[in-house]
Novice: 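Okay, here's the structure, questions in a sec.
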Amino acid sequence: MLRVGIVPNTVTFNTMIHMFGNHGRLEEVALLMQKMEQLRCVPDTRTYNILISLHVKHDNIIVAKGYFKKMQEASLEPDVVSYRTLLYAFSTRRMVSEAEELVKEMNERGYEIDEFTQSSITRMYIESGMLEKSWLWFYRFHIRGKMSPECYAANIDAFGERGHVLEAEKVFESCRERRNPTVLEFNVMIKAYGINKMHDEACRLIDSMDEHGVYPDECSYNSLVQMLASADIPQKAAFYLTKMQESGLVSDCVPYCAVISSFVKLGQLEMAVRLFEEMVRFGLKPDVVAYGVLINAYADVGNIEGALRYVNEMKETGLAMNGVICNSLIKLYKKVGCLKNAEEVYYMLQRLDAGPDVYSSNCMIDLYTERSMLKPAEEIFEKLRRNRNANEFSYAMMLCMYKKIGSFDEAFKIAKQMRELGLLTDLLSYNHVLGLYALDGRFNEAVTIFNEMIKSGVEPTDLTFKSLGVVLMKRGVSKKAVKNLEIMWRNDYESGLEVWLATLDSVNSMVYGDE
DNA sequence: TTAGGGTTAG
């Protein structure tokens with residue numbers, strides 16, 4: 001590591017420790033420390049500062065703290081860098097009492113706390129539920145009048161992100177007492193309103209900016225457009241998007257995508273397409289995501305022509321198909337029952353890097369089940385299982401397949417595996433499995449599944465009780481009695497359920513002798 | 001340490 005003949009000094013060691021530490025080579029750092037001791041080369045403040053920040057970076061806060069202490073024991077006074085590094089590390093880890101102790105020591109020594117650490121401590125107090133303290137902490141710096149726009153913004157953000165809009169507004173007002181807020185403070189305040197679903201306030205704030213001689217920038221508009229779009233208010237989002245466009249602040253199709261997908265979500269496909277076309281007219285090139293939104297929208301309504309129009313347009317502009325687009329197409333072909341086309345896309349998916357995912361694989365199994373094509377379904381299912389990707393849907397669909405073609409032994413195997421793997425979590429899976437047991441008159445299994453279902457909080461439906469009724473009748477309960485049970489359940493869920501459970505239990509304990 | 005887009009079913 002060190003060439004023979006050259007005696008390194010502390011500065012050389014510092015440089016090397018810094019270098020190795022930055023590359024995560026902590027073993028070499030330890031060796032260097034040993035070497036230093038051997039050569040009686042005394043570590044200085046900078047050595048310790050490097051070690052402290054190094055271990056903070058590697059999340060060894062205890063070790064970092066240890067070096068801070070060791071430094072003091074070696075009669076070296078920690079400087080402002082030592083303090084700031086450790087204090088910042090404490091604050092981001094919400095180590096409140098440790099942080100407060102350091103703050104106290106820094107005050108005593110007249111060391112200034114930097115703005116970055118200041119806002120991080122505000123965050124620490126907020127996230128530790130000490131709202132009062134967080135406000136006083138902010139206020140202490142505010143009254144000193146040395147805060148920068150960045151620092152006010154960071155404090156507004158700290159409160160806003162955690163849902164404390166009132167405090168965020170108070171910081172914003174405090175900032176206005178001193179000077180005009182910059183675009184920075186406006187932007188985090190818009191963000192705070194957005195997080196807290198105060199859309200009108202956010203709009204009013206952006207509208208008021210020019211009165212203060214401040215103009216919304218790309219970030220202001222992006223936040224607002226994003227927020228309105230995800231709040232299902234695409235019309236309003238589109239209004240600000242237009243303003244953004246007029247100010248020449250739209251540089252990519254991201255904000256358009258947000259609004260387009262918001263229209264899609266509300267079922268306003270025409271508006272979505274209109275906006276997409278407007279985006280193209282403004283010279284913004286749609287990317288694969290923008291195309292993906294529309295392709296999926298058409299897939300959802302089963303419109304092959306519409307989906308393919310955009311697939312072709314996308315290909316013509318030289319964009320390659322990706323997994324998401326393929327999934328949308330498979331979903332579409334499954335919906336309209338085009339097995340051949342689905343197979344083509346699935347084949348394409350297999351040649352992509354990521355390969356087919358569970359979703360598209362399940363669609364294929366579903367398509368094969370409709371046609372009772374066991375072999376290809378089993379192949380896909382086996383592959384999913386091998387890669388540990390098979391989920392509840394995969395199993396449930398295979399169960400349907402076996403039931404459909406009359407392979408009950410296989411169907412029971414699937415049902416058993418679903419239980420063992422903990423894949424019985426939703427209503428339809430429960431009903432499938434229950435239906436299977438009922439069909440075969442397996443009373444005990446049916447009752448066990450039903451009890452599990454109730455215990456896990458899944459509410460039974462008509463179909464559930466139909467299966468249970470079948471199973472009861474096979475055990476000799478009269479049709480009339482079963483009808484009564486059904487009526488009781490419909491009239492009053494709670495007490496009806498009680499009677500069902502009691503009936504199943506009493507039939508269960510009768511000495512019929514289970515098969 | 002100011003914001004950010006698409007797919008999830010029986």
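Below, read A as the first sequence line, B as the second, and so on, with proteins coming before strands; counting in each chain starts at 1. Because only heavy atoms are used, hydrogens play no part in the values below, and waters and symmetry mates are left out as well, while side chains stay in.
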Novice: Taking CZ from A/F159 and P from B/dT2, how many angstroms apart are they, rounded to a whole number?
Specialist: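 That distance rounds to 16 Å.
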Novice: Using a heavy-atom cut-off of 4.0 Å across all strands, would you classify A/C253 as base, sugar-phosphate, or nothing?
Specialist: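 Base contact.
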Novice: Starting from C1' on B/dG6, measure out to CE on A/M321 and report it in whole angstrom.
Specialist: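 A/M321 atom CE is separated from B/dG6 atom C1' by 14 Å.
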Novice: Does the aromatic ring of A/Y359 sit over the six-membered base ring of B/dT7, closer than 5.5 Å centre to centre and tilted less than 30°?
Specialist: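 Aromatic stack with B/dT7 absent for A/Y359.
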Novice: Which nucleotide in the list B/dG10, B/dT7, B/dA9 gets nearest to the side chain of A/N362?
Specialist: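 The nucleotide sitting nearest to the side chain is B/dA9.
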Novice: Between B/dG6, B/dT1, B/dG5, which nucleotide gets closest to the side-chain atoms of A/C257?
Specialist: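 Closest of the options to the side chain of A/C257: B/dG5.
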Novice: If I take atom CE in residue A/M364 and atom P in nucleotide B/dT7, what distance separates them, rounded to the nearest angstrom?
Specialist: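 Taking CE of A/M364 and P of B/dT7, I get 22 Å after rounding.
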Novice: Check whether any side-chain nitrogen or oxygen of A/K331 sits under 4.0 Å from OP1 or OP2 of B/dA9, and answer yes or no.
Specialist: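 So the side-chain polar atoms of A/K331 never come under 4.0 Å of the phosphate oxygens OP1 or OP2 of B/dA9.
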Novice: Write down the distance between CG (A/L294) and P (B/dG6), rounded to a whole number of angstrom.
Specialist: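 Checked: the CG to P distance equals 13 Å.
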Novice: How is A/D157 classified with respect to the nucleic acid when contacts are heavy atoms under 4.0 Å: base, sugar-phosphate, or nothing?
Specialist: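 Sugar-phosphate, backbone atoms only, no base.
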Novice: Measure from CG on A/L329 to C1' on B/dT7 and round the result to the nearest Å.
Specialist: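 Computing the A/L329:CG to B/dT7:C1' distance gives 11 Å.
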Novice: Flag the pair A/K455 and A/E452 as a salt bridge only when some basic side-chain nitrogen lies within less than 4.0 angstrom of an acidic carboxylate oxygen.
Specialist: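 Result for this pair is no, no salt bridge flagged.
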Novice: Just checking A/H199: does its NE2 atom have more than 12 heavy atoms from other residues, nucleotides or ligands closer to it than 6.0 angstrom?
Specialist: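 Count over threshold, so yes.
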Novice: Enumerate, atom names and distances included, each donor-acceptor pair closer than 3.5 Å involving a side-chain atom of residues 248-261 of chain A, sequence neighbours excluded.
Specialist:
from   : atom 1 : to     : atom 2 : distance (Å)
A/S251 : OG     : A/E218 : OE2    : 3.1
A/D252 : OD1    : A/V254 : N      : 3.1
A/Y256 : OH     : A/Q245 : OE1    : 3.0
A/S261 : OG     : A/C257 : O      : 3.0
A/S261 : OG     : A/A258 : O      : 3.2

Novice: The side chain of A/N391 is closest to which nucleotide in this list: B/dT1, B/dA9, B/dT2?
Specialist: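 Minimum distance to the A/N391 side chain belongs to B/dA9.
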Novice: Can you measure A/L384 atom CG to B/dG10 atom P for me and round it to whole angstrom units?
Specialist: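 Distance check: A/L384 CG to B/dG10 P gives 17 Å.
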Novice: Quick check for you: among B/dT1, B/dG6, B/dT7, whose closest atom lies nearest to any side-chain atom of A/R123?
Specialist: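 Taking heavy atoms from C-beta onward, the closest nucleotide is B/dT1.
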Novice: Return the nearest nucleotide to the side chain of A/N322; candidates are B/dG10, B/dA9, B/dG6.
Specialist: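 Selected nucleotide: B/dG6.
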Novice: Between A/M227 (CE) and B/dG5 (P), how many Å, whole number?
Specialist: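 Roughly 13 Å, once rounded to whole Å.
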Novice: Nearest-Å distance, CD (A/E115) to C1' (B/dT2)?
Specialist: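 So the two atoms are 15 Å apart, to the nearest Å.
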Novice: I'd like to check the side chain to side chain donor-acceptor pair (under 3.5 Å) partners of A/E169; sequence neighbours left out, ordered by chain and number.
Specialist: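 Partners of A/E169 under the side chain to side chain donor-acceptor pair (under 3.5 Å) test: A/Y193.
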Novice: By nearest atom, which of the nucleotides B/dT2, B/dG5, B/dG10 is closest to the A/D426 side chain?
Specialist: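 Closest nucleotide to the A/D426 side chain: B/dG10.
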Novice: Can a side-chain donor-acceptor contact be found between A/N362 and A/S394 if the only test is distance below 3.5 angstrom?
Specialist: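 Side chains of A/S394 and A/N362: pair found under 3.5 Å.
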